[in-house]
Every structure is written in C-alpha cells, then in structure tokens.
Enquirer: 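Quick one: this structure, given as structure tokens, is what I'll be asking you about.
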Number of protein chains: 2
Amino acid sequence: MNENEIFRALADPTRRAIFEKLAGGAMNASALREGMAISQPAMSQHLGVLRSARLVREERQGRFVNYEVDPEGLMAMARWMAKYRNYWPARIDALMDLLKDMDQ
Amino acid sequence: MNENEIFRALADPTRRAIFEKLAGGAMNASALREGMAISQPAMSQHLGVLRSARLVREERQGRFVNYEVDPEGLMAMARWMAKYRNYWPARIDALMDLLKDMDQ
DNA sequence: CAAACACATAAGCATACACTTATCTGATTC
DNA sequence: GAATCAGATAAGTGTATGCTTATGTGTTTG
C-alpha cells in the first residue's frame, strides 16, 4: 500500500514531533510552529509529506488550515505490523489477531 | 527511544523486503540475497541498519551468520503507536490498552 | 481595492543515504 | 598452511531529502 510514504514520513524526527503535537489536539500550521524553531515553508513541506502519507489531514477554515491526525495512516501501520504477529509475545498475539479481523 | 532508527530502517523498501523475508524464517545473508538483485555489501549494510534498529538479530554459526526477526523492534513500534491510541477506532482501542500494560 | 495575513510552491544548496567496487576479517576445507 | 568461502568494512558516487530565501495563491480586513 502506501507503507513507503508512511515510514518515510515518520523517519524524520521533526515530522514525528509535529505528529505528536497534533495528537494533542487539532491545530493550524502557525500554531504548530510555536516553540518549534522551524521556518514556515519547512513546516508546510513537512505537513505535505505527513498528509500524503495519510498520517494527517487538513481542513480549510477561512484563511487558516486546520490540521489533525488522520487515523488512516496509523491503521495502515497496524496492518503492516499485523503481518508479523507471530513474532509478538504470546499475550500480544491475541491482539494482533483481532487487528487482522479488521483487515477488510 | 530508538524510534528514529526503527522508522529510518523501515523507510527503505529493500529493507522492508528483507525483514519480510526473515519473518518467513531465519536465514543467513547469502540465502537472503537469493532472488533479490542486491549486491553482497548492500545486503550486509542493510542488515547492519536493521540490526542496530533491533528489528533483526544475528547469530554466528560457523562461517555463516544466521539472521532472524528481533521482536524488540516491533515492540518499540507498538509502544510508539500506543501513544496515539485515542485516534484508533474504538475496537482497536482496547487492544492498545493491553499493549500499554506490557510497557514495563 | 489595497494591505495584511496564512499558507503553498519554486528554486537552490548542503547533507544523508543507498549503491558500487575494492579490500579485509574470520572460519572452513583441502 | 594455502585456497576458498561468508560476511564486514572502506571509499567513492549519484540521487533523495530537508533546509533556506524568494515568490505565488487565496482569504480577510481596513
């Protein structure tokens, strides 16, 4: 699927920090920049990468663009992990089985 | 933690292919190369990256080195995902709670 | 409608990364 | 112990990537 984009997106620590911040609540790009020592274009580019990986989604609100976590990316990651559930400790194995069920 | 190494390691499609192959059963580096159009040094370098991310572990056997999936890397990934369990669909949420319990 | 604002895109640059071709290390076998 | 084999390491190279400084696009406000 788009595993490649997902793992590539998360391979960058700045993008993981952005994602983590968004996980704390939806925010626009300017608000995300606060306390992050990152230029406006860089933020925009990072958000673009996260968005095309479906880890994040946007919603225009006037002249602001609100960003929030998109569960789709996390789901795709879980589906990838589910393939290797035989390598999980026994207690986790049951969890992954359920995950697999969702794999419609 | 070593999330950085993990996501970086998995960002490369060749390394994911190697990991997937190892998930099918332990193998030495030469066996891994079969049908993979990859040079011996490239394979060795990829295995080095996967190993330092703890996605894979090795065991010397004579002049061969046997590689296998190391559950530690997958666990670390799951722990990362668990942080965002509030963004998972309800049914998955319960799974992630249990996962979090393992987080000793 | 002009200025200001939020954000995206363009273009250029320095570094990281995946590959290559040697070469080295360590183990086995004749 | 010399040749061979499995694998690691070294060094070099092209491309991807994350950044920068402009500049562009769309929206709001005076």
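Because the structure is a prediction, the values reported are computed rather than measured. Per chain, numbering begins at 1; letters A, B, ... match sequence-line order.
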Enquirer: Do the side chains of A/Met36 and A/Val49 join up, straight or via other hydrophobic residues, at under 4.5 Å, putting them in one cluster?
Expert: no
Enquirer: With a strict under 4.0 Å distance from non-hydrogen atoms of chain A, what nucleotide opens and what nucleotide closes the contacted stretch of DNA chain D, reading 5' to 3'?
Expert: D/dT17 to D/dT28
Enquirer: Hey, which sits more toward the 5' end of DNA chain C by its nearest nucleotide, A/Ala31 or B/His46?
Expert: A/Ala31
Enquirer: Give the rounded distance in Å between these two atoms: CD of A/Gln61 and P of C/dC7.
Expert: 11 Å
Enquirer: Residues two or more places apart in sequence or in another chain: which of them pass side-chain hydrogen bond (donor to acceptor under 3.5 Å, both in side chains) with A/Arg8?
Expert: none
Enquirer: In whole angstrom, what separates A/Arg8's CZ from C/dA16's P?
Expert: 16 Å
Enquirer: For B/Arg63 and A/Gly62, find the nucleotide of DNA chain D closest to each by heavy atoms; which residue's nucleotide sits nearer the 5' end?
Expert: B/Arg63
Enquirer: For B/Gln61, check side chain to side chain contact (heavy atoms under 4.5 Å, CB included) against everything at least two apart and list the hits.
Expert: B/Glu59, B/Asn66
Enquirer: Using whole Å, report how far CD of A/Glu59 lies from P of C/dC7.
Expert: 13 Å
Enquirer: Indicate, with a heavy-atom threshold strictly under 4.0 Å, whether B/Arg33 touches base, sugar-phosphate, or nothing.
Expert: nothing
Enquirer: Which atom pairs link the protein and nucleotides 8-12 of chain C when you take only N or O atoms and keep those under 3.5 Å?
Expert:
{"unit_1": "C/dA8", "atom_1": "OP1", "unit_2": "A/Tyr67", "atom_2": "OH", "d": "2.6"}
{"unit_1": "C/dA8", "atom_1": "OP2", "unit_2": "A/Ser44", "atom_2": "OG", "d": "2.6"}
{"unit_1": "C/dA8", "atom_1": "O5'", "unit_2": "A/Ser44", "atom_2": "OG", "d": "3.3"}
{"unit_1": "C/dA8", "atom_1": "N7", "unit_2": "A/Gln40", "atom_2": "NE2", "d": "2.8"}
{"unit_1": "C/dA8", "atom_1": "N6", "unit_2": "A/Gln40", "atom_2": "OE1", "d": "3.1"}

Enquirer: Provide the full list of side chain to side chain donor-acceptor pair (under 3.5 Å) pairs with a residue in residues 49-58 of chain A, sequence neighbours left out, each pair given once.
Expert: A/Glu5-A/Ser52, A/Arg51-A/Glu58, A/Arg54-A/Asp70, A/Arg57-A/Glu68, A/Glu58-A/Tyr67
Enquirer: Using atom types as modelled and distance alone, determine if a side-chain donor or acceptor of A/Arg33 lies under 3.5 Å from a backbone N or O of A/Met43.
Expert: no
Enquirer: Taking side-chain hydrogen bond (donor to acceptor under 3.5 Å, both in side chains) as the definition, give me every residue that meets it alongside B/Ser44, ordered by chain and number, with sequence neighbours left out.
Expert: none
Enquirer: Looking at B/Ser39, does any N or O in its side chain come under 4.0 Å of the phosphate oxygens OP1/OP2 on C/dT20?
Expert: yes
Enquirer: Take the protein atom CG of A/Leu32 and the nucleotide atom P of C/dC7, then report the distance between them rounded to whole Å.
Expert: 9 Å
Enquirer: Provide, to the nearest angstrom, the distance between the CD1 atom belonging to B/Ile38 and the C1' atom belonging to C/dC17.
Expert: 14 Å
Enquirer: B/Gln40: what forms a side-chain hydrogen bond (donor to acceptor under 3.5 Å, both in side chains) with it, not counting sequence neighbours?
Expert: none
Enquirer: Without decimals, in angstroms, what is the distance between B/Glu5 CD and C/dC17 P?
Expert: 11 Å
Enquirer: Could I get the full list of salt bridge (Lys or Arg N to Asp or Glu O under 4.0 Å) partners for B/Asp12, not counting sequence neighbours?
Expert: none
Enquirer: Going by the ring pair (Phe, Tyr, Trp, His ring centres under 6.0 Å) test, which pairs reach into residues 15-43 of chain B, not counting sequence neighbours?
Expert: A/Trp80-B/Phe19, A/Tyr84-B/Phe19
